[in-house]
Amino acid sequence: SQNWVVMVTAQTPTNIAVIKYWGKRDETLILPVNDSISVTLDPAHLCTTTTVAVSPTFHQDRMWLNGKEISLSGGRFQNCLREIRTRACDVEDEKRGIKIKKEDWSKLHVHIASYNNFPTAAGLASSAAGFACLAYALGKLMNVKEDESQLSAIARQGSGSACRSLFGGFVKWVMGKEDNGSDSLAVQLADEKHWDDLVIVIAVVSSRQKETSSTSGMRESVETSLLLQHRAKEIVPKRILQMEEAIKNRDFASFSRLACADSNQFHAVCLDTSPPIFYMNDTSHRIISIAEKWNRSEEAPQVAYTFDAGPNAVLIARDRKAATLLVQRLLYYFPPNSDDLDSYIIGDKSIAKD
Ligand code: PMV
């Protein structure tokens, strides 16, 4: 019969960079101007769930995001689909008598349904979880034999930061040297159990969509910011080594200092772009002041903050006690009925796959 459907569902958490990726040296392949390091979040709080299905009754590739059909015609989807299809292998479901041959995959179409359990494109790296999940789910469906790092290089071509969501724990995206991008992929630095004291609190300053997409923002920064050139060549390479060391030693003081400095430098690059890009707002700035003041009033730093291409604060507390105190402080400055914050998301870091 030609009426069968084969489906795979995968769940992938988002990741938050503590050493930022900002700027591409190749826009089509999505190759960055510097290495970056991230922490993968707990899938219970910020994740994408994607179901991919194949059937001879499907006449074209189609995709739904949060229940609404979206176009797959963009180069990024096409690149991911093509890369996975070229690596597809035979698939056999003996019980149901279904056999898909390697060469059939180029003729078969897929349907993709993806859900985010958090605001899409509000600077919470929704595309990171999305493309990582897409690459992983399609890879499973088509019985692709590549490992997570090789899959990460495919997810990268959907959204740069997506390559880091193929692993849990702490992850480095190695920028690579090759022009074809074959060595621009993610590697795991430490798994989710390595530093499980950390607690992540996200203050959702605004769940609205951001105004400047990361793609156009990066392009403008690469074209106009001298600070970006200096950062990529002189600052980030050293910071990456220091951050790796801080993670290895669970050295929260260094971790916090580096993460905050790198977030602030990324937003400085945005200001140094012409015309300047403002991702943070007054509430973001107030949260930075609250965290800085608190860290300075204690013997050792209690919290790290980092902001992506939007106003939302990702706060990383050194342990559960610090997280409780942090939330108390935030609630004091931003009471539940205040207009300045939309919501809080509180969770551990770490990850599960499949
Ligand atoms: O992968 P993109 O295009 O969504 O870019 C993400 C850029 C930042 O989130 C600002 C930094 C990062 O390293 O994730």
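What you see is a predicted model, and the numbers here were worked out from it, not measured in a lab. Note that ligands are numbered from 1 as they come in the structure, with each ligand's atoms numbered from 1 the same way.
- Across all non-hydrogen atoms, the minimal contact from M7 to T51 is SD-CG2, 3.8 Å.
- The ring of F266 has its center no closer than 6.0 angstrom to the ring center of Y21.
- When each atom of ligand 1 is checked for a heavy atom of M218 under 4.0 Å away, the hits are 3 (O), 5 (O), 7 (C).
- Between K20 and ligand 1, no pair of N/O atoms sits closer than 3.5 Å.
- Considering backbone and side-chain atoms alike, R76 places every N or O at 3.5 Å or more from each N or O of ligand 1.
- Ligand-side atoms of ligand 1 in range of S214: 2 (P), 3 (O), 4 (O), 5 (O), range being under 4.0 angstrom from any heavy atom.
- Both the backbone and the side chain of S161 come within 4.0 Å of ligand 1, judged by heavy-atom distances.
- Residue contact check: A17 has heavy atoms under 4.0 Å from atoms 12 (C), 13 (O), 14 (O) of ligand 1.
- Between the side chain of T224 and the backbone N or O of E220, at least one donor-acceptor pair lies under 3.5 Å.
- The closest approach between a heavy atom of S127 and any atom of ligand 1 is below 4.0 Å.
- Taking a 4.0 Å cut-off on heavy atoms, Y279 fails to register as neighbouring ligand 1.
- Ligand-side atoms of ligand 1 in range of F266: 10 (C), range being under 4.0 angstrom from any heavy atom.
- For ligand 1, the polar-atom distance check against Y21 finds a nitrogen or oxygen pair separated by under 3.5 Å.
- The shortest N or O to N or O distance between R164 and ligand 1 is under 3.5 Å.
- For H111 (side chain) and S55 (main-chain N/O), no donor-acceptor pair under 3.5 Å exists by modelled atom type.
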Test salt bridge (Lys or Arg N to Asp or Glu O under 4.0 Å) applied to R239 and D35, step by step = CA-CA 10 Å; R239 259 186 201 160; D35 292 349; over 6 Å; no

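- Other residues, nucleotides and ligands contribute over 12 non-hydrogen atoms within 6.0 Å of the CZ atom of R96.
- Crowding of K145 atom NZ: a count of heavy atoms from other residues, nucleotides or ligands under 6.0 Å exceeding 12.
- Within ligand 1, the atoms closer than 4.0 Å to a non-hydrogen atom of G160 are 1 (O), numbered from 1 in the order shown.
- Look at D61 and R85 and you find a salt bridge, because one of the NZ, NE, NH1 or NH2 atoms lies within 4.0 Å of a carboxylate O, short of that distance.
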